[in-house]
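What follows is a short report on a single structure.
Heads up: numbering here begins at 1 and tracks the sequence.
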Amino acid sequence: DFLDDLVDRVITFGNGNVKAYQHDLDQYLDDLHAAELARIQQKRSQARMEKKEQRAEDMPSVKEVKQVKAPAAPREDPKERRRREAEERQRGVKKDKPIREKIKRFEADIARLEQEKLKIEDAMYTSGYYDDKERVRKDSERHVQIKTGLEKLYFDWSTLNEELEKMAAN
């Protein structure tokens, strides 16, 4: 928020490139966030397409199906089938439970840091706030720490969610 009043464009350096954005900092961060979400969605859809292609490659040809006759499988009792499916679901829940718990912890940490960030930002808008130079310095340092921590938490959170989706797909 402090920089919003000062910044009318953003210049980034990375991957051997220099890019200038003629927007304010919030717009740049929104665009950066949208680009990251689009990248994640593209990775997910690419993984789905690769999985579909792999399944298609694994499918036998019509000749192979005609040549190989599978023995007739005995009909499974519906109660037994439901019990077996429930056991499989339970194994899946046990397998991804630690990841779900980590995700919940990340979400709680994110909420806590967002609240602390808002509290600092609200204080910055009060009259007389900037009279106490020491408080301004401490709050500014903490604000930067919080923003950095939030970026890491958001990244870790999205990584775990991707991992959870991969587990669910398998």
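Remark: E162 engages no residue in a salt bridge (Lys or Arg N to Asp or Glu O under 4.0 Å) (not counting sequence neighbours). Evaluation of the side chain to side chain contact (heavy atoms under 4.5 Å, CB included) rule for K102 yields R105, L160 as partners, not counting sequence neighbours. In this structure K152 satisfies the salt bridge (Lys or Arg N to Asp or Glu O under 4.0 Å) test together with D156, sequence neighbours excluded. Applying the salt bridge (Lys or Arg N to Asp or Glu O under 4.0 Å) test to R137 and every residue at least two apart in sequence or in another chain returns E134, E141. Take Q41 and apply the side chain to side chain donor-acceptor pair (under 3.5 Å) test, not counting sequence neighbours, and it matches no residue.
Rounding to the nearest 0.5 angstrom, the gap separating the NZ atom in K117 from the CG atom in D122 is 11.0 Å. Here the straight-line distance linking atom CD of Q115 with atom CD1 of I110 works out to 13.0 Å at 0.5 Å rounding.
Scanning all heavy atoms of the two residues, the minimum distance from I146 to L113 falls at CG2-O, 3.5 Å.
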- Before giving the answer on salt bridge (Lys or Arg N to Asp or Glu O under 4.0 Å), spell out for E36 and R39 the whole-Å C-alpha distance, their side-chain angles and the decisive distance to 0.1 Å. CA-CA 5 Å; E36 182 64 18; R39 185 190 66 76; 2.5 Å; yes

- Let me see the working for L164 and R100 under side-chain contact (heavy atoms from CB on, under 4.5 Å), right down to the final yes or no. CA-CA 8 Å; L164 190 63; R100 289 185 187 280; 3.7 Å; yes

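Atom CD of E101 sits in a crowded spot, with more than 12 heavy atoms from other residues, nucleotides or ligands closer than 6.0 Å. Shown here is Y129, whose OH atom has more than 12 heavy atoms of other residues, nucleotides or ligands within 6.0 Å.
Hydrophobic clustering of Ile, Leu, Val, Met, Phe, Trp and Tyr side chains at less than 4.5 Å, counting indirect connections, keeps I40 apart from Y154.
Side-chain atoms of T148 and Q145, non-hydrogen and from C-beta on, never get closer than 4.5 Å to each other. Residues W157 and T159 fail the side-chain proximity criterion, which asks for heavy atoms closer than 4.5 Å. The shortest distance between side-chain heavy atoms of M124 and Y130 falls below 4.5 Å. Two residues are said to be in side-chain contact when any heavy atoms from C-beta on lie closer than 4.5 Å; V144 and S140 fail this criterion. At least one side-chain heavy atom of K79 sits under 4.5 Å from a side-chain heavy atom of R82. Using a 4.5 Å cut-off on side-chain heavy atoms (C-beta onward), I99 and E163 make contact.
Remark: E116 does not engage K119 in a salt bridge, criterion side-chain N to carboxylate O under 4.0 Å.
Evaluation of the salt bridge (charged side-chain N to carboxylate O under 4.0 Å, His left out) test over residues 40-50, restricted to residues two or more places apart or in two chains, returns R44-E165.
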